[in-house]
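Fair warning: this is a prediction, and the values are worked out from it, not measured in the lab.
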Amino acid sequence: MKKAQVGDPGLFAVRCDHSPRARTLIAWSLGEDMSKQIVGWIMDRNLRAFLELLSRYIDYAFDDIDWDTIETGVRDTDDEKSDGWYSYPLAGTSATLEVGLARSVGSEVMSVSVTGVETPELQLRTDTLLSAFASI
């Protein structure tokens, strides 16, 4: 008899909360497409640290030129407008991500959307970064 492993179709995760991490584990256990869009928000003061760490996970050398471009690009964004988002590619050696960013006008929150996350490990890391940088 074959031992069940995470990722086997029909294997269910047993978590009852409604966190993004729980949804990730359930999707992974059901064999769903892991390259779906991951969305969340962070405090805008944490944007550079978020992008630097995300870049490190995909072996992309994030630098001051990237930061200057992004800082300028997000200046007039608005997460309540469909055309109010700024998009920036992070093309690393292990993955290519598209990061969508928009300010929540009137607050210190930056809405974030990450697409191209194809592995369960990278999806969990991305979700963890979003959770961590939303609270500090």
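- At a threshold of 4.5 Å between side-chain heavy atoms, the hydrophobic network of Ile, Leu, Val, Met, Phe, Trp and Tyr places Ile65 and Leu53 in two separate groups.
- Considering OG of Ser104 and CD of Glu80, their distance stands at 6.5 Å, rounded to 0.5 Å.
- The structure places CG of Leu101 at 6.5 Å from CD1 of Ile70, a figure rounded to the nearest 0.5 Å.
- Aromatic ring pairs are classed by plane angle as parallel below 30°, tilted from 30° to 60° and perpendicular above 60°; the pair Phe50 and Phe133 is perpendicular.
- The hydrophobic clustering, which links ILVMFWY residues whose side-chain heavy atoms are closer than 4.5 Å, places Leu122 and Tyr88 together.
- For Asp83, there are no side chain to side chain donor-acceptor pair (under 3.5 Å) partners two or more places apart in sequence or in a different chain.
- Residue Arg103 is tested with Asp76, Asp44, Thr77 for a side chain to side chain donor-acceptor pair (under 3.5 Å); the sole match is Asp44.
- Hydrophobic clustering places Phe62 together with Leu130 (ILVMFWY residues linked when any side-chain heavy atoms are closer than 4.5 Å, directly or through intermediates).
- In summary, Glu121 and Arg125 engage in a salt bridge, as defined by a charged side-chain N under 4.0 Å from a carboxylate O.
- One distance of note links CD1 of Ile58 with OG1 of Thr126; it measures 9.0 Å at 0.5 Å rounding.
- When all heavy atoms of Gln37 and Ser113 are compared, the pair lying nearest together is NE2-OG, 2.5 Å.
- Expressed to the nearest 0.5 Å, how far OH of Tyr86 lies from OG1 of Thr72 amounts to 8.0 Å.
- Scanning all heavy atoms of the two residues, the minimum distance from Tyr60 to Ala91 falls at CD1-O, 3.2 Å.
- Note on Val99 and Trp67: same hydrophobic cluster, where clusters join Ile, Leu, Val, Met, Phe, Trp and Tyr whose side-chain heavy atoms are under 4.5 Å apart, directly or indirectly.
- Within a 6.0 Å radius of CD in Glu108, no more than 12 heavy atoms belonging to other residues, nucleotides or ligands are found.
- In this structure, the separation between CD on Glu52 and CG on Leu47 is 9.5 Å, given to the nearest 0.5 Å.
- Closest of all the heavy-atom pairs between Ala102 and Gly84 is CB-O, 3.9 Å.
- Between atom OH of residue Tyr57 and atom CG of residue Leu129 there is a gap of 5.0 Å, rounded to the nearest 0.5 Å.
- Placement of Leu54 and Val74 within a single hydrophobic cluster is found when ILVMFWY residues are connected by side-chain heavy-atom separations under 4.5 Å, directly or transitively.
- No salt bridge links Asp66 with Arg48; every basic N to acidic carboxylate O contact stays at or beyond 4.0 Å.
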